[in-house]
Peer 1: 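This structure is in C-alpha cells; I'll ask about it shortly.
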Amino acid sequence: MSPEKSVTRFETGEFDKLKSSLVIYRCALKMIETKLTNLNDYYAAFYEGNPIEHTAYRIKSPESIAGKLKARNLPITAEAAVANLLDIAGARIICSYAKNIREIADIIRAQHDLTIVSEKDYLSAPKASGYRSYHIVAEVRPGIQFGEQCCPVEIQIRTSAMDFWASLEHKVRYKYGGQVPDHFSRELQLCAEKINELDERMYLIHELVELVNE
C-alpha cells in the first residue's frame with residue numbers, strides 16, 4: 001500500500017492571484033508551440049526524415065506548483081511561484097534518435113527572439129536515478145499587453161525511449177511519495193542504461209540503412 005499523500009494547496013486569495021499569473025505563461029507557451037510547429041513543418045518539407053516524432057505542452061497545475069514550493073521550503077504564494085519556478089510552462093520534444101537532440105537544441109538556442117536562461121545536459125551527465133534528457137529554459141516576451149514582461153518556458157528534448165522511462169519513474173516516485181525503494185531504484189537505473197544502449201544501436205541501424213540507400 002502506498003503512503004498517505006497530503007495535497008498542498010494555495011489559499012483562496014493566493015489561488016486567485018496565481019490564476020491571473022498563469023495567463024502570461026499560457027501565452028508564452030503558445031509562442032513556443034508556434035516556433036516548434038514551424039520547425040516541425042520545416043523538417044517535414046525539406047528533410048527526408050523528420051527527426052521530430054511529436055511535441056507536447058503543459059502548464060503545471062496549481063497543486064503541482066504548490067507542492068514544488070513546499071518541497072523547496074518556499075511560501076505557497078503566486079509571487080514565490082513566479083519568482084522561483086522556471087518550469088511552470090513546459091514543452092516537450094520527442095525525437096527519433098538521441099543524436100537529433102543536440103541538433104534541435106542548437107536550433108532553439110539560435111532563435112534571436114528567445115533568451116536562454118539555463119541549460120541542463122542530462123545526456124552527458126544523467127541524474128543518479130538514470131534520468132536522461134536535455135533541458136532548455138527560454139524566456140519569451142508574450143506582448144506589450146503584459147508590459148514587455150518576460151516569461152520562462154522549459155523545453156525538454158528526449159527520445160521516445162527516454163520519455164517512456166521518465167513517465168514510469170514518475171509513476172513509481174509518486175506511488176511511494178518520493179521515497180523509491182532501493183530495489184526499484186536499481187531496476188530503474190538498469191533500465192535507463194539499457195535504454196541508452198538501445199537508442200545508440202537503433203541510430204547505428206539508421207545510419208547503416210542510409211549508407212545502403214546511398
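What you are looking at is a predicted structure, and each value in this text was computed from that prediction instead of being measured.
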Peer 1: Name the atoms and distances for all side-chain donor-acceptor pairs under 3.5 Å in residues 27-46, with sequence neighbours left out.
Peer 2:
from: Thr34; atom 1: OG1; to: Lys30; atom 2: O; distance (Å): 3.1
from: Lys35; atom 1: NZ; to: Gln111; atom 2: OE1; distance (Å): 3.3
from: Lys35; atom 1: NZ; to: Asp113; atom 2: OD1; distance (Å): 2.8
from: Lys35; atom 1: NZ; to: Asp113; atom 2: OD2; distance (Å): 3.1
from: Thr37; atom 1: OG1; to: Glu33; atom 2: O; distance (Å): 2.8
from: Asn38; atom 1: ND2; to: Thr34; atom 2: O; distance (Å): 3.4
from: Asn40; atom 1: OD1; to: Asn50; atom 2: ND2; distance (Å): 2.8
from: Tyr43; atom 1: OH; to: Glu103; atom 2: OE2; distance (Å): 2.7

Peer 1: With sequence neighbours left out, what residues match Glu193 under salt bridge (charged side-chain N to carboxylate O under 4.0 Å, His left out)?
Peer 2: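 Glu193: salt bridge (charged side-chain N to carboxylate O under 4.0 Å, His left out) contacts with Arg132.
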Peer 1: Counting only heavy atoms not in Lys120, do more than 12 fall under 6.0 Å of its NZ?
Peer 2: no
Peer 1: Just wondering, do Ile59 and Arg26 contact through their side chains at under 4.5 Å, heavy atoms?
Peer 2: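 Side chain of Arg26 against side chain of Ile59, heavy atoms only: contact under 4.5 Å found.
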Peer 1: Check the pair Arg158, Cys95 against side chain to side chain contact (heavy atoms under 4.5 Å, CB included), reporting the backbone distance first and the verdict last.
Peer 2: CA-CA 6 Å; Arg158 59 179 68 148; Cys95 299; over 6 Å; no
Peer 1: What pairs of residues pass the ring pair (Phe, Tyr, Trp, His ring centres under 6.0 Å) test when at least one of them lies in residues 11-33, not counting sequence neighbours?
Peer 2: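 Residue pairs passing ring pair (Phe, Tyr, Trp, His ring centres under 6.0 Å), neighbours aside: none found.
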Peer 1: To the nearest 0.5 Å, tell me how far Phe10 CZ sits from Ile65 CD1.
Peer 2: 5.5 Å
Peer 1: Going by the side chain to side chain contact (heavy atoms under 4.5 Å, CB included) test, name the single residue among Ile94, Ile108, Asn100 that passes it with Ile157.
Peer 2: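 That would be Ile108; it is the only one of Ile94, Ile108, Asn100 passing the side chain to side chain contact (heavy atoms under 4.5 Å, CB included) with Ile157.
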Peer 1: With ILVMFWY side chains joined below 4.5 Å, transitively, what does Val137's cluster contain besides itself?
Peer 2: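 Direct or chained contacts put Val137 with Leu86, Val117.
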Peer 1: Val23, Leu18: one ILVMFWY side-chain cluster at the under-4.5 Å cut-off?
Peer 2: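 Linked, Val23 and Leu18 end up in one cluster.
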Peer 1: Give a yes or no on this: more than 12 heavy atoms of other residues, nucleotides or ligands lie within 6.0 Å of atom CD of Glu148.
Peer 2: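 Yes.
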Peer 1: Taking the side chain as every heavy atom from C-beta outward, state whether Pro142 and Gln149 have any pair of such atoms under 4.5 Å apart.
Peer 2: no
Peer 1: Please tell me whether Tyr176 and Leu188 are part of a single hydrophobic cluster in this structure, the criterion being side-chain heavy atoms less than 4.5 Å apart.
Peer 2: yes
Peer 1: Report yes or no: do Glu119 and Tyr134 form a side-chain donor-acceptor pair below 3.5 Å?
Peer 2: yes
Peer 1: In Å and rounded to the nearest 0.5 Å, what is the CG to OG distance from Asp199 to Ser160?
Peer 2: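 Rounded to the nearest 0.5 Å, the CG-OG separation comes out at 8.5 Å.
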Peer 1: Output all residues satisfying side-chain hydrogen bond (donor to acceptor under 3.5 Å, both in side chains) with Asp182, sequence neighbours left out; order by chain, then residue number.
Peer 2: none
Peer 1: What are the two closest non-hydrogen atoms of Ala78 and Glu14, and how far apart are they?
Peer 2: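 That would be N-OE1, 2.9 Å.
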Peer 1: With sequence neighbours left out, write down each residue that passes salt bridge (charged side-chain N to carboxylate O under 4.0 Å, His left out) with Arg186, or none if nothing qualifies.
Peer 2: none
Peer 1: For side chain to side chain contact (heavy atoms under 4.5 Å, CB included), just list the numbers for Val140 and Thr115, CA-CA rounded to whole Å, side-chain angles, deciding distance to a tenth of an Å, and then say yes or no.
Peer 2: CA-CA 7 Å; Val140 299; Thr115 300; over 6 Å; no
Peer 1: Check side-chain hydrogen bond (donor to acceptor under 3.5 Å, both in side chains) between Thr77 and all other residues, then give those that pass, not counting sequence neighbours.
Peer 2: none
Peer 1: Who pairs with Glu207 by side-chain hydrogen bond (donor to acceptor under 3.5 Å, both in side chains), at least two apart in sequence or on another chain?
Peer 2: Tyr203
Peer 1: Taking C-beta and beyond as the side chain, do Met202 and Glu200 meet within less than 4.5 Å on heavy atoms?
Peer 2: no
Peer 1: Can a side-chain donor-acceptor contact be found between Gln189 and Glu187 if the only test is distance below 3.5 angstrom?
Peer 2: no
Peer 1: Give a yes or no on whether Ile144 atom CD1 has more than 12 heavy-atom contacts from other residues, nucleotides or ligands under 6.0 Å away.
Peer 2: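 For Ile144, atom CD1 is not crowded (no more than 12 foreign heavy atoms under 6.0 Å).
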Peer 1: For residues Glu53 and Ser96, report the shortest heavy-atom separation together with the two atoms involved.
Peer 2: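 Nearest pair, atom of Glu53 first, then Ser96: OE2-OG, 2.8 Å.
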Peer 1: What distance do Ile93 atom CD1 and Ile101 atom CD1 have between them, rounded to the nearest 0.5 Å?
Peer 2: 10.0 Å
Peer 1: Once salt bridge (Lys or Arg N to Asp or Glu O under 4.0 Å) is applied, what residue pairs with a partner in residues 83-102 remain, sequence neighbours excluded?
Peer 2: Lys60-Asp87, Lys68-Asp87, Arg92-Asp163, Arg102-Asp121
Peer 1: How far apart are the closest heavy atoms of Met162 and Leu123, and which atoms are they?
Peer 2: CE-CD2, 3.7 Å
Peer 1: Less than 4.5 Å apart, any side-chain heavy atom of Ile136 and any of Gln156?
Peer 2: no
Peer 1: What distance do Ile24 atom CD1 and Ile88 atom CD1 have between them, rounded to the nearest 0.5 Å?
Peer 2: 11.0 Å
Peer 1: With a 4.5 Å limit on heavy-atom distance, are the side chains of Glu139 and Leu114 in contact?
Peer 2: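 They are not in side-chain contact.
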Peer 1: Within the 4.5 Å heavy-atom criterion, are Ile52 and Thr55 side-chain neighbours or not?
Peer 2: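 Yes, at least one pair of side-chain atoms sits under 4.5 Å.
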Peer 1: With rounding to the nearest 0.5 Å, note down the distance linking CD in Glu79 to CG in Asn84.
Peer 2: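 Output value for this atom pair is 9.5 Å.
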Peer 1: Nearest heavy-atom pair of Val180 and Ser185: which atoms, and what distance?
Peer 2: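 Residues Val180 and Ser185, closest heavy atoms: CG1-OG, 3.5 Å.
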Peer 1: With side chains defined as the heavy atoms from C-beta onward, is the minimum distance between Val172 and Lys175 less than 4.5 Å?
Peer 2: no
Peer 1: Can you list everything that forms a ring pair (Phe, Tyr, Trp, His ring centres under 6.0 Å) with Tyr131? Sequence neighbours excluded, please.
Peer 2: Tyr122, His135
Peer 1: Starting at CG of Leu74, measure out to CG of Leu85 and round the result to the nearest 0.5 Å.
Peer 2: 7.5 Å
Peer 1: For Asp106, which residues count as a side-chain hydrogen bond (donor to acceptor under 3.5 Å, both in side chains) partner, sequence neighbours excluded?
Peer 2: Arg109
Peer 1: Sorted by first residue and then second, give each ring pair (Phe, Tyr, Trp, His ring centres under 6.0 Å) pair with at least one member in residues 137-173; sequence neighbours left out.
Peer 2: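 Pairs touching residues 137-173 that pass the test: none.
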Peer 1: Under 4.5 Å between side-chain heavy atoms, hopping through other hydrophobics if needed: is there a path connecting Tyr47 to Ile104?
Peer 2: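 Tyr47 and Ile104: one cluster.
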